[in-house]
Protein chains: 2
Amino acid sequence: MSRDDDARAVWHSLTQLFISDDNQRRFPAIAEGEDVTVRLMHAILDIDPASPIPMKQLARQWYCDASNVTSIVDGLEERGLARRDPSAHDRRVKLVGLTDAGAAMRERIVERLSDPPSVLTSLTGAELKTLRTILGKAAGRLEAPRG
Amino acid sequence: MSRDDDARAVWHSLTQLFISDDNQRRFPAIAEGEDVTVRLMHAILDIDPASPIPMKQLARQWYCDASNVTSIVDGLEERGLARRDPSAHDRRVKLVGLTDAGAAMRERIVERLSDPPSVLTSLTGAELKTLRTILGKAAGRLEAPRG
DNA sequence: TATTGTTATACTCTATAACTATA
DNA sequence: TATAGTTATAGAGTATAACAATA
């Protein structure tokens, strides 16, 4: 049981927990509850309410074409969840920021996404405390935390 | 710090680890490496190589329309990854099973999905061992493990 | 009659290419 | 000339409705 074996086993379990059909179904369910599509929900999670972001940067972050970002931000704007403002430094660039309504929806989504599935709540209190410490440490190392 | 707080914090970290853009990008990358689409890859993961499953049951499991299952299984069959056989007990029912090629691809996908991201490998050996034990216990409680 | 699966069809999501406006 | 973003358009994925075969 090497260190690499342990890391693989951990990631395998974590992946199973996450891609289980029950869990995957939560995303559409939460999106539906907010009356947005799943892609708009993901977009909202990726926009920091405190700092508007250029469209181009979103395209890089999502590994998708720029035209797609146009369509997504259109959807957010139509629903009053985001706003486009030209950059003061380069008028070609448009900065996308969440409106108050968008930021509020984002908070609700993050809240609901944190609802733990039953497989987790069936662990003991001590186990949960241990997981909290270690996983918190790992998640803290992510570049751009989503929510 | 209640037990519920701990469970929420754990799930929140786990969700962050999993829906990070870097990690989400792994699915298309692995699928591309196998020359299948992401939806076919997910389908392969959800079919137990040891026991063919009725189309209707896949539709329930994936929370999607039956016509969609027809289209997905068509795609798998065209690539020689799965096969449809009428049930011996009810000739309306078609059982979907993986071919040898499909089962082999499934193993490769599971293998690659288990590659741990760098945020995990940066944990200590003791932390990984602890995570392995606890998460393995939780994942073992899932109904239909994928891979 | 009810159920399993298929076909026809429309809508959403995503990518490519051509375009506009700034730099 | 190059870059940020948009528009037009085509292809994949998904849902609804009508249908065929079987129960």
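Every chain is numbered from 1 and lettered A, B, ... according to where its sequence line falls, protein lines coming before strand lines.
Relative orientation of the B:F27 and B:H42 rings is tilted, given thresholds of 30° and 60° on the angle between their planes.
The interatomic distance linking A:D74 (CG) with C:dT14 (C1') rounds to 14 Å, in whole Å. Rounded to whole angstrom, the span from the CG atom of A:D65 across to the P atom of C:dT12 amounts to 20 Å. When the P atom of D:dT3 is taken as reference, atom CZ of A:R60 falls 12 Å away, rounded to whole Å. Rounding to whole angstrom units, OH of residue B:Y63 and C1' of D:dT14 are separated by 17 Å. At whole-Å resolution of the value, CE in A:M55 and P in D:dT3 are 18 Å apart. Taking atom NE2 on A:H42 and atom P on C:dC13, their separation rounds to 13 Å, with Å as the unit. Spacing between atom CE of A:M41 and atom P of C:dC13 amounts to 13 Å, rounded to whole angstrom units.
By the 4.0 Å N-to-carboxylate-O rule, A:K94 lies too far from A:D85 to be salt-bridged with it. Between A:R112 and A:E34 there is no salt bridge, since no side-chain nitrogen of the basic residue lies less than 4.0 Å from a carboxylate oxygen of the acidic one.
Looking at the side chain of A:N68, the nearest of the listed nucleotides D:dG5, C:dT14, C:dG5 is C:dT14. Comparing C:dT4, D:dA15, C:dT14 by their nearest atom to the side chain of B:V93 picks out C:dT4.
Contact annotation: B:K94 side-chain N/O to C:dT6 OP1/OP2 distance is under 4.0 Å. Phosphate proximity of D:dA12 to B:R39: absent, as no side-chain N or O sits under 4.0 Å from OP1 or OP2. Side-chain nitrogen and oxygen atoms of A:R84 include none within less than 4.0 Å of the OP1 or OP2 phosphate oxygen of D:dA4.
A heavy-atom distance below 4.5 Å is found between the side chains of B:S71 and B:R39. Contact check for B:Q16 versus A:L135: no side-chain heavy atoms found under the 4.5 Å cut-off.
Counting distance only, with no hydrogens placed and no angle test, the side-chain atoms of A:S67 and the base atoms of C:dT14 include no donor-acceptor pair under 3.5 Å.
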Tabulate protein N/O versus nucleotide N/O from nucleotides 20-23 of chain D, keeping only pairs under 3.5 Å, one per line.
| from | atom 1 | to | atom 2 | distance (Å) |
| --- | --- | --- | --- | --- |
| D:dA23 | OP1 | B:R91 | N | 3.0 |

